[in-house]
Amino acid sequence: MSVKPAAFLTVAAACLVGSTASAQTLVEQSRARAPAGTTFVAGFANHVNSVREVEIYSLNRATGVELVRVARRSRRTADGPVVEGWTDSSACPALTQVVIDMTNLPGLQLSIPGVTAQSSLRPTPGPATIGGPGEVWGLARQADNAFATVHMTATVGFLKDWVGLAEEALAPCWTDAEPPVLERR
């Protein structure tokens with residue numbers, strides 16, 4: 001069974017959580033936690049066991065030809081996020097691919113500066129996965145190119161499965177230390 005884009009848009013609209021204010025709040029929180037010299041671009045979370053979230057930032061300067069992305073993995077707690085790991089796109093090519101994939105999610109197109117490549121992480125249609133929802137938030141472009149903040153959650157389907165695939169792709173990349181690219185700020 002494949003998901004048709006028109007059908008996914010209907011599901012995506014039904015999966016929006018809260019109001020525009022909730023999307024705005026998540027983006028504002030992620031922006032407030034941005035490491036010095038970076039700009040928040042997008043985030044995703046998996047609600048399996050505990051809520052683990054990944055926030056992705058772009059360095060405000062390019063190193064060589066490519067933009068460098070930095071990601072921080074946290075666990076959400078009542079007292080706020082607890083950092084569990086760091087990586088960057090120069091040490092983890094999978095991070096670049098996750099960012100590309102985020103800009104190509106069906107029914108949701110996040111606008112991440114510098115990304116023009118096509119997605120490669122494509123969940124295989126199959127039975128619904130078990131566990132809590134997957135979640136994606138960030139800045140997006142509307143059909144008229146105006147910016148908007150978005151926040152989508154899904155307990156089944158493409159988005160939920162994609163979050164799991166993104167976590168798997170980044171799993172070997174996490175380290176306890178901030179990436180060296182942040183130390184050169």
Over all heavy atoms of both residues, which pair between [X] and [Y] is shortest? Give the atoms and the distance, please.
X    : Y    : answer
V163 : G134 : CG2-CA, 4.1 Å
A169 : A94  : O-CB, 3.4 Å
A45  : R76  : CB-NH2, 3.8 Å
W86  : L182 : CZ3-CD1, 3.8 Å

Straight-line distance of [X] [atom1] to [Y] [atom2], nearest 0.5 Å:
X    : Y   : atom1 : atom2 : answer
M102 : Q97 : CE    : CD    : 12.5 Å
N46  : E53 : CG    : CD    : 11.5 Å
I56  : T39 : CD1   : OG1   : 13.5 Å

Applying side chain to side chain contact (heavy atoms under 4.5 Å, CB included) to V99 and V41, what does each step give before you reach the verdict?
CA-CA 9 Å; V99 167; V41 292; 5.6 Å; no
Do [X] and [Y] come close enough that some side-chain heavy atom pair is under 4.5 Å?
X    : Y    : answer
L59  : L67  : no
V54  : W174 : yes
K160 : T155 : no
T87  : V70  : no
S74  : V82  : no
L170 : L95  : yes
T153 : H151 : yes
S90  : V181 : yes

Does either side chain, that of T149 or that of W137, offer a donor lying less than 3.5 Å from an acceptor on the other one?
no
Is it true that R33 and E55 have a side-chain N and a carboxylate O under 4.0 angstrom from each other?
yes
Examine W162 together with F44 and report whether their ring centres are nearer than 6.0 Å.
yes
Check: I100 main-chain N/O paired with T103 side-chain donor or acceptor under 3.5 Å:
yes
Using modelled atom types and a 3.5 Å cut-off, is there a donor and acceptor pairing between side-chain atoms of S30 and backbone atoms of L26?
yes
Can you list every disulfide (SG to SG under 2.5 Å) pair that touches residues 139-178, not counting sequence neighbours?
C92-C173
In terms of ring plane angle, is the pair F40 and Y57 parallel, tilted or perpendicular, where the classes change at 30° and 60°?
perpendicular
Which salt bridge (charged side-chain N to carboxylate O under 4.0 Å, His left out) pairs, counting each pair once, include a residue from residues 164-173, with sequence neighbours left out?
R52-E167
Can you pull the salt bridge (charged side-chain N to carboxylate O under 4.0 Å, His left out) pairs that have at least one residue in residues 79-94, sequence neighbours excluded?
R75-E84
